[in-house]
Amino acid sequence: MQPANSMVPQSMAAPPQQQYQQQPQQHWMAQQQPAAYQVPQQQSAYYYQQQQQQQQQPQYNAAAASAQPTSSDEIRSLWIGDLQFWMDEPYIQNCFAHTGEVASVKVIRNKQSGQSEGYGFVEFISHAAAERNLQTYNGSMMPNSEQPFRLNWASLGSGEKRSDNGPEYTIFVGDLAADVTDYMLQETFRANYPSVKGAKVVTDRVTGRTKGYGFVKFADESEQLHAMTEMNGKFCSTRPMRIGHAANKKSVPGQVQG
DNA sequence: TTTGAGCGG
């Protein structure tokens with residue numbers, strides 16, 4: 001006589017967050033407009049973009065999805081990172097479910113432990129759909145978590161490179177408030193420095209919380225240099241930023257860096 | 001919390 005219901009594998013136990021799959025409504029995915037962080041001028045462009053995307057609610061068309069052999073050299077998969085251990089395929093699927101454009105989801109797991117490696121792949125029905133979702137969700141908050149989506153083209157797998165734009169110049173940004181996301185950080189700089197290629201707020205893998213610092217990448221070296229002095233002490237969200245130089249984590253052998 | 005890390009089958 002063994003109580004059968006006592007067998008709940010710890011590693012697969014329910015997330016600490018609640019049962020995301022039982023959410024009655026699907027629009028908890030509605031994108032969160034960034035809070036009151038300061039984006040000087042280009043705010044309107046950004047909001048315009050967001051609204052455009054909200055208006056054209058894509059509809060899933062199964063016929064179109066399968067009937068289009070298309071130029072199959074197009075990437076339809078996105079890489080998704082910063083996943084917490086409880087973020088499994090159903091969860092991720094749910095994140096994009098209402099778009100009706102997800103073809104498949106895969107979380108990469110450790111062969112031995114079965115634990116998530118913290119990243120995965122989301123395949124969409126088309127390149128356009130993938131791009132749309134990338135634009136829409138990257139940087140917005142993931143449901144039932146305190147961290148934003150981290151999405152990118154799944155470029156390595158297909159051997160295709162996403163636009164490689166040459167060298168990049170990175171700065172370190174510290175003193176970030178807890179609510180600062182990649183996107184906020186990026187836009188804060190991009191408003192003044194158009195060559196900004198991206199920004200990353202470093203988060204704790206376990207808790208998903210920000211560590212209070214991040215990095216901003218520039219394509220233009222002079223903009224990087226200007227930003228380091230001009231943006232130091234400027235506010236992002238509720239706190240002034242502290243800017244420093246970014247220590248290179250990577251060094252390519254045989255390549256000289258200035 | 002103050003110098004990350006992110007590509008499978």
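Residue numbers start from 1 in every chain, and the chains themselves are labelled A, B, ... in the order their sequence lines are given, proteins ahead of strands. Only this structure's heavy atoms are used, side chains among them; waters, hydrogens and symmetry mates stay out. Treat the numbers as computed from the prediction; the structure is a model and nothing was measured.
Nearer to the 5' terminus of DNA chain B, by closest-nucleotide assignment, is the contact made by A:Phe172 (compared with the other of A:Trp79 and A:Phe172). Positionally, the nearest nucleotide of DNA chain B for A:Lys200 lies more toward the 5' end than for the other of A:Ser104 and A:Lys200.
Distance A:Arg242 CZ to B:dT3 P: 11 Å, rounded to the nearest Å. Rounded to an integer number of Å, the gap from A:His245 NE2 to B:dG4 C1' is 15 Å. We find that CG of A:Leu134 is positioned 18 Å from P of B:dG6, with the value rounded to whole Å. Rounded to whole angstrom, the span from the CG atom of A:Asp204 across to the P atom of B:dT3 amounts to 13 Å. At whole-Å resolution of the value, OH in A:Tyr119 and C1' in B:dG9 are 11 Å apart. Rounded to an integer number of Å, the gap from A:Arg109 CZ to B:dC7 P is 17 Å.
Remark: A:Arg76 does not engage A:Glu101 in a salt bridge, criterion side-chain N to carboxylate O under 4.0 Å.
A:Phe189 pairs by the ring-ring contact (aromatic ring centres under 6.0 Å, His included) definition with nothing, not counting sequence neighbours. Shown here are the ring-ring contact (aromatic ring centres under 6.0 Å, His included) partners of A:Tyr169, two or more places apart in sequence or in another chain: there are none.
When the side-chain nitrogen and oxygen atoms of A:Lys111 are compared with OP1 and OP2 of B:dG9, one or more of them lie within a distance under 4.0 Å.
Look at B:dG4: its glycosidic torsion is within 90° of 0, and that puts it in the syn range.
In summary, the aromatic rings of A:Phe149 and A:Tyr183 are positioned with their centroids too far apart to meet the 6.0 Å limit.
Stacking between A:Phe215 and B:dG4 is present: the aromatic ring centre lies within less than 5.5 angstrom of the base six-membered ring centre, and the two planes differ by under 30 degrees.
Closest approach to the A:Lys106 side chain among B:dG9, B:dC7, B:dG4 is made by B:dG9 (side chain taken as heavy atoms from C-beta onward). With B:dC7, B:dG6, B:dT3 as the candidates, the nucleotide lying closest to the side chain of A:Ala246 is B:dT3. The listed nucleotides are B:dT1, B:dT3, B:dG8; the one nearest the side chain of A:Lys211 is B:dT1.
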